[in-house]
Amino acid sequence: MRIILNGNKYELAGPASIEDLLKDLGQDGSRLVVELNARIVSKENYTATMLKEGDSLEMVRLVGGG
C-alpha cells in the first residue's frame with residue numbers, strides 16, 4: 001500500500017495504523033503532530049486510525065526554543 005509521507009511516496013507492507021507507521025519509522029510520536037489528509041489526528045487516535053491507499057500524511061516534529 002502506498003501513501004504520501006511528508007510529500008514523498010512511502011510503501012507500507014500491509015494494513016497499518018498511524019501508530020504502526022510511527023513504530024516502523026522508529027518514532028514514539030510524543031513530540032510529533034500528525035496531519036492525515038489535511039486533518040490533525042490527536043495522539044489518542046493514532047492506534048485506531050488505519051491508513052488507506054493514497055492517504056497523505058504530514059508529520060511535524062515539535063521543537064522548543066525561542
Side-chain angles (χ1 to χ4, degrees):
M1 174 172 63
R2 288 186 196 156
I3 62 171
I4 304 297
L5 177 60
N6 290 345
N8 298 306
K9 293 178 184 174
Y10 189 87
E11 187 80 26
L12 294 166
S17 67
I18 291 174
E19 184 72 25
D20 295 331
L21 176 62
L22 291 174
K23 287 179 184 173
D24 194 45
L25 296 171
Q27 300 287 329
D28 66 6
S30 62
R31 302 193 66 163
L32 291 175
V33 173
V34 176
E35 186 182 89
L36 174 61
N37 299 326
R39 296 185 141 193
I40 293 176
V41 180
S42 65
K43 290 180 180 18
E44 297 79 31
N45 293 323
Y46 286 179
T47 301
T49 303
M50 297 302 292
L51 300 172
K52 299 179 196 92
E53 179 80 26
D55 276 347
S56 178
L57 259 78
E58 294 289 330
M59 292 185 179
V60 178
R61 178 171 300 284
L62 301 175
V63 178

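The structure displayed is predicted, hence computed values, not measured ones. FYI, side chains are in, hydrogens and waters are out, and symmetry mates aren't considered; it's all heavy atoms of this structure. Residues: numbered from 1 along the sequence shown.
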Please list, one pair per line, the donor and acceptor atoms closer than 3.5 Å that link side chains of residues 12-20 to other protein atoms, with sequence neighbours excluded.
residue : atom : partner : partner atom : Å
Ser17   : OG   : Glu19   : N            : 3.3
Ser17   : OG   : Asp20   : N            : 3.1
Ser17   : OG   : Asp20   : OD2          : 3.2
Asp20   : OD2  : Ser17   : N            : 2.9

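Counting heavy atoms from C-beta outward, Leu22 and Met59 have side chains that approach closer than 4.5 Å. In this structure the side chain of Thr49 never reaches within 4.5 angstrom of the side chain of Val34, judged on heavy atoms. Side-chain contact between Tyr10 and Leu21: present, with at least one pair of heavy atoms (C-beta onward) separated by less than 4.5 Å. Using a 4.5 Å heavy-atom threshold, the side chains of Glu35 and Leu57 count as separate.
Tracing side-chain contacts under 4.5 Å through hydrophobic residues (I, L, V, M, F, W, Y), one reaches Ile40 starting from Leu62; they form part of the same cluster. Residue Leu25 is not grouped with residue Val33 when hydrophobic side chains (ILVMFWY) are merged at heavy-atom distances under 4.5 angstrom, including chains of intermediate members. With hydrophobic clusters built from ILVMFWY side chains whose heavy atoms lie under 4.5 angstrom apart, Leu5 shares a cluster with Met1.
Using a distance-only test at 3.5 Å, with no hydrogens or angles considered, no donor-acceptor pair links the side chain of Glu11 to the main chain of Arg2. Looking only at distances, no side-chain donor or acceptor of Asp55 sits under 3.5 Å from a matching main-chain atom of Asn37.
The 12-atom threshold is not exceeded at NZ of Lys23, counting heavy atoms of other residues, nucleotides or ligands nearer than 6.0 Å.
Atoms OG and CD1, on Ser56 and Ile3 in that order, are 8.5 Å from each other to the nearest 0.5 Å.
Closest approach of Tyr46 to Leu32, counting heavy atoms only: OH-O, 3.6 Å.
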